[in-house]
Undergrad: 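Before we start, here is the structure in question, set down as structure tokens.
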Amino acid sequence: MNMQRWNRKYATDITADDDGERVSVAGWVHEKRDLGGVFFLIVRDISGFAQITLPKKKVEPELFEQVKRVPRESVVVVEGEVKSEKKAPNGYEIIPQQIDVLSEASPVLPLDTTGKVGAELDTRLDARFMDLRTERTKHIFIIRSLTLRTIREFFDERGLIEINTPKIVSAATEGGTALFPISYFEREAFLNQSPQLYKQILMASGFDRVYEIAPIFRAEEHDTTRHLNEATSVDVELAFVSDKEVMALLEELIAFVYSRVVDYPGLAKLNVKLEVPAIPFRRITYDEAIELLSGEGEQIEWGEDLGTSAERTLGKIMGELYFITDWPCAIKPFYAQPAAEGICNAFDLMHPRLELSSGSQRVHSYELLKRQIESKGLGADSFEFYLDAFRYGMPPHAGWGLGVERLLMSMLEVENIRDVVLFPRDRRRLTP
RNA sequence: GCCCGGGUGGUGUAGCGGCCUAUCAUUGAGCCCUGUCGAGGCUCGGACUCGGGUUCAAAUCCCGACCUGGGCGCCA
């Protein structure tokens, strides 16, 4: 099949100025409106919609009859003449000479692509290929792409190097979450929960500013609107800096991403009121957080982690993106640098709705790190591959991990995290 | 892991012991209509998750299974 002969254009690349030009558009039959003497065929492609108009008296009778029979969502190529027309949605319409049906769709669709009738998330995920044909879902994933591109641009401008660390790992991990076991030849291995240990090892290599955007796997059997078993993490690690510098980098990144997304025209389809957050974000200490919570009648024992309702209450009080700093070491991982009296140089970045990121100044002393691993009840032996990197020249360093899906869902006011993943993996879903 | 909901045409819903031969919208099949843009009008088609129980009578009540939404915990 010679696709080139069609001189294909995207629907929105055609304008009224192309009046008289012969073009073709390829896409899906979005809607058909039969008014008797005139027939409108709306063809949808990734860019938008093109109105194909068939006045009964001006087109071939066979063509007119053919169009009537094409089921919605069939794939067609329409070749015809552009006509400037004020009454048409984009100011132009196409009077077709030929319509090729490349793939006829089964007539009863798994969900409505026009937005007239809603569909539940489960139904949409089962037929994700068709859900992606709807305006809202399409724009979410274009924004996801824009976000990832923007993050890379941001890091690139600042000289960070993009790295790729293994996703198949041995048992030794930072702890805190359940792992997916896999069979690795004659041994047991796991899917990585985060690139934490590897990006830190890189700090001993001279690669002093690195980032990775990659999947992470958590075997938690949770069933909420903000958890996934396979998620995407943006991880950053910088040497010769403290937690303060990486916090600044993080808030600048968030504001930069927001500023790009705000400019994306398709944002209007999502009905989101998006404002670029002012930096620096507010910073409160853990102590201040439990103080604020106590004022709202929510008692948190010092040293206790903040639960879901505490996060929500704090979110209401703060009303914008904010950092919680100076966490008790007891509820932070072994690699967080202790400051004073059980407090670590660790931070969480919070959106009023949920946690987006956490990070810290890292322990770079071999002896201290070893002690901390042991005091968390982990065996230092199995961390040898990690600890080794701290014995031959490890600079001070700091970093964070940011959940891409959480950033997207909070930014786009999406209710369920599954909505920002093409093919989400959760407690029950393994297909499609 | 604990706790609470829900499974009705393709999709989204109403009904919650007899008025159900099951509502409405959309979709599908077809007819009418020359400017639609959620087009309009008319006709037709299409469903009570499965298994057991209670009852004169079950979509409706009970039990189990399966599927599913959410909250908590844990976690990013």
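Every chain is numbered from 1 and lettered A, B, ... according to where its sequence line falls, protein lines coming before strand lines.
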Undergrad: Could you tell me how far B/G17 sits from B/A59 if I compare only their P atoms? Round to whole Å.
TA: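 Pairwise P distance, B/A59 against B/G17, rounds to 13 Å.
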Undergrad: Give one of base, sugar-phosphate or nothing for A/Gly401, where a contact means two heavy atoms less than 4.0 Å apart.
TA: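 Touches nothing.
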Undergrad: Measure from CD on A/Gln196 to P on B/C75 and round the result to the nearest Å.
TA: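 Those two atoms, CD and P, are 15 Å apart.
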Undergrad: Near RNA chain B, under 4.0 Å by heavy atom, which residues of residues 281-312 of chain A?
TA: A/Gly307, A/Thr308, A/Arg312
Undergrad: Does A/Leu402 reach a base, just sugar-phosphate, or nothing at all? Heavy atoms under 4.0 Å.
TA: nothing
Undergrad: For A/Asp122, answer base if it contacts any base atom (sugar-phosphate contacts may also be present), sugar-phosphate if it contacts only those atoms, and nothing otherwise; contact means non-hydrogen atoms under 4.0 Å.
TA: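 Here A/Asp122 touches the backbone only, sparing every base.
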Undergrad: Let me have the donor-acceptor pairs involving side chains of residues 226-238 of chain A, under 3.5 Å, with sequence neighbours excluded, atom names and distances please.
TA:
unit_1, atom_1, unit_2, atom_2, d
A/Arg226, NH2, A/Thr308, OG1, 3.3
A/His227, ND1, A/Thr224, OG1, 2.6
A/Asn229, ND2, A/Asp426, O, 3.4
A/Thr232, OG1, A/Arg144, NH2, 3.0
A/Thr232, OG1, A/Glu405, OE2, 2.9
A/Ser233, OG, A/Asp235, OD1, 2.5
A/Asp235, OD2, A/Lys199, NZ, 2.6
A/Glu237, OE1, A/Lys199, NZ, 3.4
A/Glu237, OE1, A/Arg362, NE, 3.4
A/Glu237, OE1, A/Arg362, NH2, 3.0
A/Glu237, OE2, A/Arg362, NE, 2.7

Undergrad: Determine the Euclidean distance between corresponding C1' atoms of B/C48 and B/A22; express it in Å to zero decimal places.
TA: 8 Å
Undergrad: Mind checking what makes ring-ring contact (aromatic ring centres under 6.0 Å, His included) contact with A/Phe217, not counting sequence neighbours?
TA: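 None.
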Undergrad: Base contacts versus sugar-phosphate-only contacts with protein, heavy atoms under 4.0 Å: please encode nucleotides 29-42 of chain B as B, S and - from 5' to 3'.
TA: ----BBBBBBB---
Undergrad: Quick check on salt bridge (Lys or Arg N to Asp or Glu O under 4.0 Å): which of A/Glu31, A/Glu135, A/Glu73 does A/Arg44 satisfy it with?
TA: A/Glu73
Undergrad: Nearest-Å distance, CZ (A/Arg406) to P (B/A76)?
TA: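 That distance rounds to 8 Å.
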Undergrad: On a whole-Å scale, what distance lies between the P atoms belonging to B/C50 and B/C67?
TA: 16 Å
Undergrad: Could you measure between the two C1' atoms, the one in B/U11 and the one in B/C33, and give it in whole Å?
TA: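 Those two atoms are separated by 28 Å.
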Undergrad: Within residues 128-143 of chain A, find the residues that approach RNA chain B with a heavy atom at under 4.0 Å, and present them sorted by residue number.
TA: none
Undergrad: For A/Thr114, what residues pass the side chain to side chain donor-acceptor pair (under 3.5 Å) criterion, not counting sequence neighbours?
TA: A/Asp112
Undergrad: What is the distance, rounded to the nearest whole Å, between atom NE2 of A/His227 and atom C1' of B/C74?
TA: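 Answer to the nearest Å: 7 Å.
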Undergrad: Could you tell me whether the phosphate oxygens of B/U68, OP1 or OP2, come under 4.0 Å of any side-chain nitrogen or oxygen in A/Arg428?
TA: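 It does, given that an N or O in the side chain of A/Arg428 lies less than 4.0 Å from OP1 or OP2 of B/U68.
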Undergrad: Taking only the C1' atom of each, what is the distance from B/G38 to B/A25 in whole angstrom?
TA: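 So the two C1' atoms sit 11 Å from each other.
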Undergrad: Taking the P atom of each, how far is B/G41 from B/G5, in whole Å?
TA: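 Rounded to whole Å, the distance is 41 Å.
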Undergrad: Could you tell me which residues satisfy ring-ring contact (aromatic ring centres under 6.0 Å, His included) with A/Phe154, sequence neighbours excluded, listed by chain and number?
TA: A/Phe256
Undergrad: Between A/Glu220 (CD) and B/G1 (P), how many Å, whole number?
TA: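 In whole Å, B/G1 P lies 12 Å from A/Glu220 CD.
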Undergrad: With sequence neighbours left out, what residues match A/Phe347 under ring-ring contact (aromatic ring centres under 6.0 Å, His included)?
TA: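 Residues passing ring-ring contact (aromatic ring centres under 6.0 Å, His included) with A/Phe347: A/Phe323.
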Undergrad: Whole-Å distance between B/C67 P and A/Arg427 CZ?
TA: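 Taking CZ of A/Arg427 and P of B/C67, I get 10 Å after rounding.
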Undergrad: Between A/Arg406 and A/Glu355, does any NZ, NE, NH1 or NH2 come within less than 4.0 Å of an OD or OE carboxylate oxygen?
TA: no
Undergrad: So, A/Asp243 side chain and A/Gly359 main chain: donor-acceptor pair closer than 3.5 Å or not?
TA: no
Undergrad: Does a nitrogen or oxygen in the side chain of A/Asn229 sit under 4.0 Å from OP1 or OP2 of B/C75?
TA: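 Answer no for this pair, as no side-chain N or O of A/Asn229 is under 4.0 Å from OP1 or OP2.
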Undergrad: Does A/Arg226 reach a base, just sugar-phosphate, or nothing at all? Heavy atoms under 4.0 Å.
TA: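 Touches a base.
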Undergrad: Tell me every residue that passes ring-ring contact (aromatic ring centres under 6.0 Å, His included) with A/Phe39, counting only those two or more places apart in sequence or in another chain.
TA: none
Undergrad: Without decimals, in angstroms, what is the distance between A/Glu120 CD and B/U13 C1'?
TA: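 Taking atom C1' of B/U13 as the reference, CD of A/Glu120 is at 10 Å.
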Undergrad: Quick one about A/Thr285 and A/Asp287 (side-chain donor to acceptor, distance below 3.5 Å, no hydrogens or angles considered), yes or no?
TA: no
Undergrad: Would you say B/G71 has OP1 or OP2 under 4.0 Å from some side-chain N or O of A/Thr225?
TA: yes
Undergrad: Around atom CD of A/Glu188, are there more than 12 heavy atoms from other residues, nucleotides or ligands closer than 6.0 Å?
TA: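 Correct, the count exceeds 12.
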Undergrad: How many whole angstroms separate atom CZ of A/Phe347 from atom P of B/A76?
TA: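 One finds 13 Å between P of B/A76 and CZ of A/Phe347, rounded.
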Undergrad: Ion pair present between A/Lys167 and A/Glu212, side-chain N to carboxylate O less than 4.0 angstrom?
TA: yes
Undergrad: Once rounded to the nearest 0.5 Å, what's the spacing between atom CZ of A/Arg136 and atom OG1 of A/Thr134?
TA: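 Between atom CZ of A/Arg136 and atom OG1 of A/Thr134 there are 8.0 Å.
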Undergrad: Whole Å only: how far is the NE2 atom of A/His222 from the C1' atom of B/C2?
TA: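 Checked: the NE2 to C1' distance equals 15 Å.
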Undergrad: How far, in whole Å, is B/G12 from B/G28 if one measures between their C1' atoms?
TA: 16 Å
Undergrad: Between A/Phe334 and A/Phe383, is the gap from one ring center to the other below 6.0 Å?
TA: yes
Undergrad: For A/Val76, what residues pass the side-chain contact (heavy atoms from CB on, under 4.5 Å) criterion, not counting sequence neighbours?
TA: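 A/Val76 satisfies side-chain contact (heavy atoms from CB on, under 4.5 Å) with A/Val29, A/Val43, A/Val70, A/Val78, A/Ile99, A/Val101 only.
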Undergrad: Give the dot-bracket line for RNA chain B from 5' end to 3' end: parentheses for intra-strand Watson-Crick or G-U pairs under 3.5 Å, square brackets for crossings, | for inter-strand pairing, dots for unpaired.
TA: (((((((..(((.....[.....))).(((((.......)))))....(((((..]....))))))))))))....
Undergrad: I'd like the P distance from B/A29 over to B/G10, given in whole Å.
TA: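 My reading of the P atoms in B/G10 and B/A29 gives 16 Å.
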Undergrad: How would you list all residue pairs meeting side-chain hydrogen bond (donor to acceptor under 3.5 Å, both in side chains) that involve residues 312-326 of chain A, not counting sequence neighbours?
TA: A/Glu298-A/Thr313
